[in-house]
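These notes concern the structure reproduced below.
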Amino acid sequence: MIDLTMAHAAVSDIAIAETWYRRVLDSSPHLRPMDGLIEWRFGPAHGLQVFHDPDRAGNSTVVVGVVDLDDV
């Protein structure tokens with residue numbers, strides 16, 4: 001069973017990305033943990049982080065977490 005999911009998207013322009021994701025998700029970011037990082041939460045253990053990283057822009061990762069890896 002998957003207990004956590006967090007998607008990470010690198011972008012070259014955080015302001016343009018925020019405008020786009022606001023429209024797509026129909027919501028303002030829920031968190032701004034630090035400069036260059038905005039985050040939307042979809043429940044207590046699921047979310048999307050969009051971060052300013054021009055060198056990696058266009059790349060994304062997804063973290064999938066489980067409590068008991070041996071059980072999975």
Side-chain angles (χ1 to χ4, degrees):
M1 176 179 169
I2 295 172
D3 300 296
L4 165 102
T5 56
M6 181 64 71
H8 305 95
V11 299
S12 60
D13 188 313
I14 194 79
I16 291 173
E18 180 175 346
T19 298
W20 189 85
Y21 279 100
R22 278 177 184 245
R23 278 188 267 153
V24 169
L25 301 172
D26 195 30
S27 170
S28 296
H30 298 113
L31 299 169
R32 295 175 187 276
M34 65 180 85
D35 284 344
L37 175 62
I38 52 180
E39 183 174 322
W40 283 263
R41 300 299 298 195
F42 311 111
H46 308 285
L48 166 66
Q49 292 183 326
V50 178
F51 59 98
H52 180 247
D53 187 346
D55 293 335
R56 295 189 55 235
N59 293 299
S60 301
T61 60
V62 176
V63 174
V64 178
V66 296
V67 172
D68 189 348
L69 188 58
D70 290 334
D71 186 48
V72 174

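Values reported hereafter were calculated over all heavy atoms of this structure, with side chains retained and with hydrogens, waters and symmetry mates removed.
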Check: residues 33-44 side-chain donor-acceptor pairs under 3.5 Å, at least two apart:
unit_1 : atom_1 : unit_2 : atom_2 : d
Glu39  : OE1    : Gln49  : NE2    : 2.8
Glu39  : OE2    : Arg41  : NH1    : 2.9
Trp40  : NE1    : Ser27  : O      : 3.0
Trp40  : NE1    : Ser28  : O      : 3.2
Arg41  : NH2    : Pro44  : O      : 2.8

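- Residues Thr5 and His46 approach most closely at OG1-ND1, 2.6 Å, considering heavy atoms.
- Contact detail for Thr61 and Arg56: the closest heavy-atom pair is CG2-NH2, 4.0 Å.
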Please tabulate, for the side chains in residues 11-20, all donor-acceptor contacts under 3.5 angstrom to protein atoms that are two or more places apart in sequence or on a different chain.
unit_1 : atom_1 : unit_2 : atom_2 : d
Asp13  : OD1    : Ala15  : N      : 3.0
Asp13  : OD1    : Ile16  : N      : 3.0
Glu18  : OE1    : Arg32  : NH1    : 3.2
Glu18  : OE1    : Arg32  : NH2    : 3.4
Glu18  : OE2    : Arg22  : NE     : 3.0
Glu18  : OE2    : Arg22  : NH2    : 2.7
Glu18  : OE2    : Arg32  : NH2    : 2.6
Thr19  : OG1    : Ala15  : O      : 3.2

Show me, pair by pair, the donor-acceptor contacts under 3.5 angstrom made by side chains of residues 63-72, not counting sequence neighbours?
unit_1 : atom_1 : unit_2 : atom_2 : d
Asp68  : OD1    : Asp70  : N      : 3.3
Asp68  : OD1    : Asp71  : N      : 3.2

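- Environment of CD1 in Ile2: sparse, with no more than 12 heavy atoms of neighbouring residues, nucleotides or ligands closer than 6.0 Å.
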